[in-house]
Q: 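The structure is given below, and queries will be raised subsequently.
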Amino acid sequence: MKKLEQLYEGKAKKVFQTDDPACLIVEYKDDATAFNGQKKGTILGKGAINNRMTNLLMQMLEHRGVPTHFVQELNERETVVKKVTIVPLEVIVRNLSAGHFAQNYGVEEGIVFEEPTIEFSYKNDDLGDPLINSYHAKALKLATQAEIDTIVRLAFQINEALKEFFLAVGITLVDFKLEFGRLEDGTIVLADEISPDTCRLWDKETGEKLDKDRFRRDLGNVEGAYQEVMKRLTGSQP
């Protein structure tokens, strides 16, 4: 597959056209941002870890019946994915209180919910990705009710699979962000990535943060945390 012109560059990835109109190549970067791009930095090796971890987890999810955009890993930083139209909703699933949930509702971090929660953000950098509900999403024509129902069903299915997968290596899945896309025929599939950039991951025994919060909160050893998650999931150093 030939890598052609760059179509897009985001905070963490570049996207390239290919000689197959149904496929794109995604290249993962080491760039890191937080607080809607207000904080910027570099996490050495992050791109390679996030690429390989995303591909590992998406293939696991495919085996469990979750459709994804994954096609083929090309090298440590590049992956072929199906071309999709991204649904402009960030889908956040939470199993414990943390981050904005704790801040917005005045509760401490670490409260275990009786059942997972789900929330939507309007994927719009200029507006700061505001929280919205399904009625807003339909009013703005971001998604249909049928698409929202599918996204919610898949998000909870993904949550159960990821919780089990991470728990097996001693990691608590606190919360995570998902993005979904439409294939040309309208099928909804999981897109974007699943990594320490998009998940809150805590050591099950110590509660140590093993995710991007180490960058957000200046906790140090950010690279080590990403490497530790990858090491546990694969049984070897990245």
Side-chain angles (χ1 to χ4, degrees), residues 10-13 28-54 56-58 89-113 116-123 125 128-131 155 158-159 161-179 190 192-234 237-238:
K11 297 169 186 172
K13 294 183 284 294
Y28 285 73
K29 306 190 299 181
D30 285 351
D31 295 355
T33 64
F35 312 119
N36 289 323
Q38 295 177 31
K39 181 176 183 177
K40 298 180 180 180
T42 300
I43 302 173
L44 294 177
K46 173 177 84 80
I49 288 173
N50 287 1
N51 179 43
R52 292 195 157 156
M53 190 181 305
T54 295
L56 171 71
L57 294 173
M58 287 210 174
L89 290 174
E90 292 187 347
V91 182
I92 302 104
V93 180
R94 302 183 185 275
N95 297 305
L96 285 79
S97 61
H100 282 130
F101 186 96
Q103 295 166 17
N104 291 343
Y105 304 116
V107 297
E108 63 184 18
E109 289 199 326
I111 298 170
V112 180
F113 301 145
T117 71
I118 194 166
E119 60 195 50
F120 300 125
S121 290
Y122 178 21
K123 188 173 165 58
D125 286 342
D129 301 332
L131 280 175
I158 291 163
N159 182 48
L162 291 180
K163 275 198 306 182
E164 179 184 322
F165 201 73
F166 280 116
L167 195 58
V169 294
I171 295 174
T172 299
L173 178 62
V174 176
D175 58 35
F176 59 100
K177 173 182 72 71
L178 298 172
E179 292 185 23
L190 177 64
D192 197 42
E193 67 178 281
I194 307 171
S195 72
D197 269 15
T198 62
C199 302
R200 278 195 175 85
L201 305 167
W202 295 354
D203 181 89
K204 180 178 178 294
E205 300 302 326
T206 67
E208 180 186 5
K209 292 174 173 59
L210 300 172
D211 55 65
K212 193 175 172 182
D213 269 351
R214 301 201 71 85
F215 171 75
R216 291 186 189 97
R217 303 182 185 187
D218 296 317
L219 298 176
N221 194 32
V222 184
E223 290 88 354
Y226 280 61
Q227 291 166 7
E228 177 64 21
V229 175
M230 192 64 184
K231 178 182 174 183
R232 293 195 197 186
L233 289 181
T234 63
Q237 289 286 358

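Being a predicted model, the structure only gives us computed values, none of them experimental.
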Q: With K13, which residues qualify under salt bridge (charged side-chain N to carboxylate O under 4.0 Å, His left out), at least two apart?
A: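 Scan of K13 (salt bridge (charged side-chain N to carboxylate O under 4.0 Å, His left out), adjacent residues dropped) gives D192, E193.
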Q: Sequence neighbours left out, what passes side chain to side chain donor-acceptor pair (under 3.5 Å) with K209? Give chain and number order.
A: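 Partners of K209 by the side chain to side chain donor-acceptor pair (under 3.5 Å) criterion come out as none, since no residue qualifies.
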Q: Would you say that D125 contacts K11 through its side chain, given a criterion of any heavy-atom pair below 4.5 Å between the two side chains?
A: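 Yes. Closest side-chain heavy atoms under 4.5 Å.
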Q: Would you compute the distance between atom CD of E223 and atom CG of D30 and round it to the nearest 0.5 angstrom?
A: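 Going from CD on E223 over to CG on D30, the span is 8.5 Å.
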Q: Please identify each residue that fulfils salt bridge (charged side-chain N to carboxylate O under 4.0 Å, His left out) with D129, with sequence neighbours left out.
A: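 With sequence neighbours excluded, D129 shows a salt bridge (charged side-chain N to carboxylate O under 4.0 Å, His left out) to no residue whatsoever.
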Q: How long is the straight-line distance from NE2 of H100 back to CD1 of I92, given to the nearest 0.5 Å?
A: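 Going from the CD1 atom of I92 to the NE2 atom of H100 covers 9.5 Å.
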Q: Can you list the steps and then say if Y226 with M53 is a side chain to side chain contact (heavy atoms under 4.5 Å, CB included)?
A: CA-CA 10 Å; Y226 280 61; M53 190 181 305; over 6 Å; no
Q: Search all heavy atoms of N50 against all heavy atoms of T54 and return the closest pair with its distance.
A: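 Distance-wise, the nearest heavy atoms are O-OG1, 2.7 Å.
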Q: Could you tell me whether the side chain of K212 and the main chain of T33 form a donor-acceptor pair under 3.5 Å?
A: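 Checked: pair present.
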Q: Enter the distance from L57:CG to F165:CZ here, rounded to the nearest 0.5 Å.
A: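 Interatomic distance, L57 CG to F165 CZ, rounded to 0.5 Å: 6.0 Å.
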Q: Nearest 0.5 angstrom please: S195 OG to L56 CG, how far?
A: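 Answer for the OG-CG pair, S195 versus L56, is 12.5 Å.
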Q: Of I171, N95, L167, L173, which meets side-chain contact (heavy atoms from CB on, under 4.5 Å) against L162?
A: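 Going through the options one by one, the only one that passes is L173.
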Q: Excluding sequence neighbours, so at least two apart, what forms salt bridge (charged side-chain N to carboxylate O under 4.0 Å, His left out) with K46?
A: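 For K46, the residues satisfying salt bridge (charged side-chain N to carboxylate O under 4.0 Å, His left out) (neighbours in sequence not counted) are D197.
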Q: Flag the pair E109 and R217 as a salt bridge only when some basic side-chain nitrogen lies within less than 4.0 angstrom of an acidic carboxylate oxygen.
A: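 A salt bridge links E109 with R217.
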Q: Mind checking what makes side chain to side chain donor-acceptor pair (under 3.5 Å) contact with D175, not counting sequence neighbours?
A: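 So D175 forms a side chain to side chain donor-acceptor pair (under 3.5 Å) with R94, R200.
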Q: E208: which residues meet the side chain to side chain donor-acceptor pair (under 3.5 Å) condition with it, sequence neighbours left out?
A: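 Per chain and number, E208 pairs via side chain to side chain donor-acceptor pair (under 3.5 Å) with no residue.
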Q: Would you mind reporting whether F166 and L233 have side-chain heavy atoms less than 4.5 Å apart?
A: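 In short, these two side chains touch, coming nearer than 4.5 Å.
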Q: How close do A32 and F215 get, counting heavy atoms only, and between which atoms?
A: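 Nearest pair, atom of A32 first, then F215: O-CZ, 3.8 Å.
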Q: Report the residues that fulfil side-chain contact (heavy atoms from CB on, under 4.5 Å) with V107, sequence neighbours left out, ordered by chain and then residue number.
A: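 So V107 forms a side-chain contact (heavy atoms from CB on, under 4.5 Å) with S97, F101, A102, I111.
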Q: Just jot down the salt bridge (charged side-chain N to carboxylate O under 4.0 Å, His left out) partners of K123, sequence neighbours excluded, or say none.
A: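 Partners of K123 by the salt bridge (charged side-chain N to carboxylate O under 4.0 Å, His left out) criterion, ordered by chain and then number, come out as E179.
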Q: Among V91, N159, L201, D211, which one satisfies side-chain contact (heavy atoms from CB on, under 4.5 Å) with F176?
A: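 Exactly one candidate clears the test, N159.
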Q: State which residues pass side chain to side chain donor-acceptor pair (under 3.5 Å) with N104; sequence neighbours excluded, sorted by chain then number.
A: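 Residues passing side chain to side chain donor-acceptor pair (under 3.5 Å) with N104: none at all.
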Q: Calculate, to the nearest 0.5 Å, the distance between atoms CG and CD1 belonging to L178 and I194 respectively.
A: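 Atom-to-atom, L178:CG and I194:CD1 are 6.0 Å apart.
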Q: Answer whether the closest heavy-atom distance between the side chains of V93 and K163 falls below 4.5 Å.
A: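 The answer is no; the side chains never approach within 4.5 Å.
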Q: Got a second to check how far T206's OG1 is from K204's NZ, nearest 0.5 Å?
A: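 Rounded to the nearest 0.5 Å, the OG1-NZ separation comes out at 11.0 Å.
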Q: Should L210 and P196 count as side-chain neighbours, where that means a heavy-atom distance under 4.5 Å?
A: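 They are not in side-chain contact.
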Q: Less than 4.5 Å apart, any side-chain heavy atom of Y28 and any of I49?
A: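 No, their side chains stay 4.5 Å or more apart.
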